[in-house]
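Note on naming: letters A, B, ... go to the chains in the order of the sequence lines (proteins, then strands), and numbering restarts at 1 for each one.
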Protein chains: 2
Amino acid sequence: MATPSEKIIRDVTARLRAAGMRPTRQRIALALALFAKGDRHITAEQLHAEAQAQHVGISLATVYNTLHQFTRAGLLRELAIGSGRSYFDTNLSHHHHFFYEGSGQLVDVAGDLVKVSTVPAPPKGTRVAGIDVVIRITERNR
Amino acid sequence: MATPSEKIIRDVTARLRAAGMRPTRQRIALALALFAKGDRHITAEQLHAEAQAQHVGISLATVYNTLHQFTRAGLLRELAIGSGRSYFDTNLSHHHHFFYEGSGQLVDVAGDLVKVSTVPAPPKGTRVAGIDVVIRITERNR
DNA sequence: TTTCTAGATTAGAAACATTCTAAAATATTG
DNA sequence: CAATATTTTAGAATGTTTCTAATCTAGAAA
């Protein structure tokens, strides 16, 4: 990515501060990578590699810390779909996912394209925190 | 569990053979643990611990191998819901899950209690392999 | 500016779940 | 029983994530 404008950096800085986080060099770089482009599904490893490629020295531990902090602050959504690694989703709007069984790739499905019309009442003493719909897809053979 | 009857063991043996697997001591013990009781969501570690508790010597590698073989044979369904470990579900009927965000516990939701009325067409060249609905629930606070 | 300190970052170790390896054990067939 | 194809196994290896405790830094105060 080209050097981001002063304005964008100021925006990100303010956003971090609003979430109670110090706008450090590392957090700013990660926030830019995550939010500058459109919606993304990214793993910690991928984000770390991306930062390295841009010559932003960040340790993998910091990438993990930051992803979790951003998630706690409501800037990201953590997806636990394919087993193994966790994906972090920058799309915070109500939506669901196509999950490619072969590759593990995720693709957004706009929230209004899926309608869950019937849902059971949650068990006593609990409330529904969210409903995730995963449409598993495979290569069509023949 | 009490020593299973001859009949149950014969049933399981036949089932394994039907799936093209030799009915070994290990596979019979795991099949009994999995299918004797009602529906279960179990991890490899849990199943291994259960076998140990019953003094059935089985290595963890064999538990993994067997769970995957059973899944391939259509005797189990593998669930990739909470990140980290994989759950294996003995309930093969069409159904969905409550997922306790706190504990990671899974509870079945009968298939007919959830209706997904609208679904987008899958991307070109793919077909829908399945739709999983996870209802995330948390302790109600207040 | 300098100083102070709570908060942030880090390398590397540790903790995990899971898979792999290749040797030994076992089930089946003839 | 002998031959052979499968299966099991301990332990090593892999991959992801978390932990640790030392070092660094942003922001506040002097």
Side-chain angles (χ1 to χ4, degrees), chain A residues 9-10 12-31 33 41-52 55-73 75-76 78-88 103-104 106, chain B residues 9-10 12-31 33 41-52 55-73 75-76 78-88 103-104 106:
Chain A
I9 292 184
R10 258 183 285 113
V12 163
T13 300
R15 225 172 150 185
L16 289 174
R17 238 191 272 275
M21 282 179 269
R22 289 186 182 172
T24 61
R25 173 178 64 78
Q26 291 87 338
R27 293 210 268 236
I28 290 170
L30 293 179
H41 302 107
I42 200 169
T43 66
E45 283 286 356
Q46 284 167 359
L47 186 56
H48 183 239
E50 212 168 279
Q52 300 300 295
H55 306 96
V56 181
I58 308 190
S59 74
L60 185 56
T62 297
V63 173
Y64 273 102
N65 289 340
T66 304
L67 285 171
H68 287 137
Q69 289 155 358
F70 283 10
T71 300
R72 238 178 287 125
L75 271 43
L76 291 176
E78 183 169 0
L79 301 178
I81 293 185
S83 106
R85 81 211 71 208
S86 266
Y87 285 87
F88 291 85
S103 63
L106 290 170
Chain B
I9 292 183
R10 257 181 286 114
V12 164
T13 300
R15 227 173 148 183
L16 289 175
R17 239 190 271 275
M21 281 177 272
R22 288 184 179 175
T24 62
R25 175 178 63 77
Q26 292 86 336
R27 294 211 267 235
I28 289 170
L30 293 179
H41 303 106
I42 200 168
T43 66
E45 283 285 357
Q46 284 167 0
L47 186 56
H48 183 238
E50 212 168 282
Q52 299 301 292
H55 307 96
V56 181
I58 307 188
S59 74
L60 185 56
T62 296
V63 174
Y64 274 102
N65 289 339
T66 304
L67 285 171
H68 287 137
Q69 288 156 356
F70 283 10
T71 299
R72 236 178 289 124
L75 271 42
L76 291 176
E78 183 169 1
L79 302 178
I81 293 186
S83 105
R85 78 214 72 208
S86 268
Y87 285 86
F88 291 85
S103 63
L106 289 171

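Checking side-chain atoms of B:Q52 against main-chain N and O of B:L47 turns up no donor-acceptor pair under 3.5 Å.
For the side chain to side chain contact (heavy atoms under 4.5 Å, CB included) test, residues two or more places apart in sequence or in another chain that qualify with A:Q46 are A:I42, A:T43. For B:T62, the side-chain hydrogen bond (donor to acceptor under 3.5 Å, both in side chains) test picks out B:S59, with sequence neighbours left out. Scanning for side-chain hydrogen bond (donor to acceptor under 3.5 Å, both in side chains) contacts around B:Q26 gives an empty result, with sequence neighbours left out. B:F88 pairs by the side chain to side chain contact (heavy atoms under 4.5 Å, CB included) definition with B:L67, B:H68, B:T71, B:L76, B:E78, B:S86, not counting sequence neighbours.
Side-chain N/O atoms of A:T62 include none lying less than 4.0 angstrom from OP1 or OP2 on C:dT9. Residue A:Q26 places no side-chain N or O under 4.0 Å from the OP1 or OP2 atom of D:dT25. Contact annotation: B:Y64 does not reach the phosphate of C:dT19 (side-chain N/O to OP1 or OP2, under 4.0 Å). OP1 or OP2 of D:dT18 has at least one side-chain nitrogen or oxygen of A:H68 nearer than 4.0 Å.
Atom pair A:L30:CG and C:dT10:P shows a separation of 9 Å (rounding to whole Å applied). A straight line from CD of B:Q52 to C1' of D:dA10 spans 13 Å, rounded to a whole angstrom. Rounded to an integer number of Å, the gap from A:Q46 CD to D:dT17 C1' is 15 Å. Atom CG in B:L60 sits about 18 Å away from atom P in D:dT14, given to the nearest Å. Taking atom NE2 of residue A:H48 and atom C1' of nucleotide D:dG15, one finds them 15 Å apart after rounding to whole Å. Between the CD1 atom of A:I28 and the C1' atom of C:dA8 there is a distance of 13 Å, rounded to whole Å. When the P atom of C:dT18 is taken as reference, atom CD1 of B:I42 falls 13 Å away, rounded to whole Å. Here C:dA17 presents its C1' atom at 12 Å from OH of B:Y87, a figure rounded to the nearest Å.
Comparing C:dT10, C:dT18, D:dT17 by their nearest atom to the side chain of B:S86 picks out C:dT18. If you check C:dT18, D:dT7, D:dT9 against the side chain of B:R85, the one that comes closest is C:dT18.
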Where protein sits on nucleotides 20-30 of chain C, one letter per nucleotide: B base, S sugar-phosphate only, - none, heavy atoms under 4.0 Å: B------BS--

Identify all side-chain donor-acceptor contacts of residues 14-22 of chain B below 3.5 Å with residues at least two apart in sequence or on another chain.
none

